[in-house]
2 protein chains.
Amino acid sequence: MQLNSEDLRDKIKMANLRPTRQRLALAELLFAEGNRHVTAERLHNEAMGAGVTVSLATIYNNLHQFTSAGLLREVVVDSSRSYFDTNVSPHHHFFHENTGELEDIPRNELSVDTIPDLPEGTEICSVDVIVRVTDRRS
Amino acid sequence: MQLNSEDLRDKIKMANLRPTRQRLALAELLFAEGNRHVTAERLHNEAMGAGVTVSLATIYNNLHQFTSAGLLREVVVDSSRSYFDTNVSPHHHFFHENTGELEDIPRNELSVDTIPDLPEGTEICSVDVIVRVTDRRS
DNA sequence: ATAGCTGCAAATGCTTTGCAAGGCC
DNA sequence: GGCCTTGCAAAGCATTTGCAGCTAT
């Protein structure tokens, strides 16, 4: 999944968002190649490193706008940080407790077999599985 | 699982913690009857309501001490709040997105069947499944 | 032109910390 | 007495908000 500037522009337009300088730069970092899992802070650092001037507030704005548009998915793994995943298809995660890194579990490698009876009057919104791992002998 | 004051005192002593007034009161609220899922704020409110003077800092101290002692388990479901579960045996959860309520999934009603290949050099720390539900038609 | 974006700084909300006073053994 | 606990207020952090100025269309 390799996207060029044109593709990114389209992707943003289809989400009814304006292709501003900052937004394009963030989209580039997020979607240009393969799947990514980022925190707001990390993305901010990357943007700065890439010579793009973006404020942290704008990072948050855009991450949430992308999420609303279905271009990103928010993953809750750590109560102190928010992670955003560029892979929006249903799948689960490994979370490295040591490094704070998030990694996809290939779709075919994990599935939830029995679906429990739901509480009265509710419907499933999503099923999230997080396999927390640590370095061996730590 | 009905515990009286003596049982609670023992439980606390076994965790190498002192049975102070606040700690006993919190243990009472948490462990006296059945399983519970609480946030620090909720527990604080309950304590106040029960006429027990406890500061929020002490609530956090004790929740973490109980957690370290294996009497509680922290569950990450919402990036803005921490939940503590009095059920420390392995099990999964329903999370009501509307109410912020956490509920156990009976052990036999959900299991993860295929275990994925772990990343190199890591070992499983825990497997957390959260079934997020919303009220029907919301 | 105008509706949407952006940056900054201030505000927020949950959680943690520092430290003096108090309580358990 | 000594050490663990507590409470308060202040600090910390990630995230959000208000608002004036900027920018796509």
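Sequence lines set the chain letters: A, B, ... in the order given, protein chains first and strands last, and positions in each chain run from 1.
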Rounded to the nearest angstrom, tell me the gap between atom CG in B:L43 and atom P in C:dT15. 12 Å
A:I115 CD1: over 12 foreign heavy atoms closer than 6.0 Å: no
Return the minimal non-hydrogen interatomic distance between B:E6 and B:N4, and the atom names on each side. N-OD1, 2.9 Å
Are there any protein N/O atoms within less than 3.5 Å of an N/O atom in nucleotides 20-22 of chain D, and if so, which ones and at what distance?
none

Let me know the distance between OH of B:Y60 and P of C:dT16, rounded to the nearest Å. 7 Å
Taking protein heavy atoms under 4.0 Å as touching, what does nucleotides 1-9 of chain D look like 5' to 3' if B marks base contact, S marks sugar-phosphate-only contact and - marks none? --BBSBBB-
Interatomic distance, B:I12 CD1 vs C:dG23 P [rounded to whole Å]: 17 Å
Using whole Å, what does the distance between atom C1' of nucleotide C:dT12 and atom CZ of B:R81 come to? 14 Å
Distance flag, aromatic centroids of B:F84 and B:H64, threshold under 6.0 Å: yes
When the C1' atoms of the five terminal pairs at each end define the local axes, what inter-axis angle does the helix from C:dA1-D:dT25 to C:dC25-D:dG1 show, to 10 degrees? 30°
Should we count CZ of B:R42 as having more than 12 external heavy atoms under 6.0 Å? no
Could you give the CZ-to-P distance, from A:R42 to D:dT15, as a whole number of Å? 14 Å
What is the distance, rounded to the nearest whole Å, between atom NE2 of B:H44 and atom C1' of C:dG13? 15 Å
CG on B:L72 to CD on B:Q65, rounded to 0.5 Å: 11.0 Å
Mind listing the closest non-hydrogen atom pair of B:F94 and A:D117 along with its distance? CZ-O, 3.3 Å
Rounded to the nearest 0.5 Å, how far does CG of A:L118 lie from OG1 of B:T134? 9.5 Å
How close do B:V76 and A:S79 get, counting heavy atoms only, and between which atoms? CG1-N, 3.9 Å
Given C:dT15, is OP1 or OP2 found less than 4.0 Å from the side-chain N or O atoms of B:H64? no
Taking the basic N atoms (NZ, or NE/NH1/NH2) and the acidic carboxylate oxygens, is any pair closer than 4.0 Å for B:R136 and A:E123? no
Between B:R36 and B:E46, is the closest basic N to carboxylate O distance under 4.0 Å? yes
OP1 or OP2 of C:dT15 versus the side-chain N and O atoms of B:S82: is any pair under 4.0 Å? yes
Is the count of non-hydrogen atoms from other residues, nucleotides or ligands lying under 6.0 Å from B:R73 atom CZ greater than 12? yes
Of B:E41 and B:K13, the one whose closest nucleotide on DNA chain C sits nearer the 5' end is B:E41
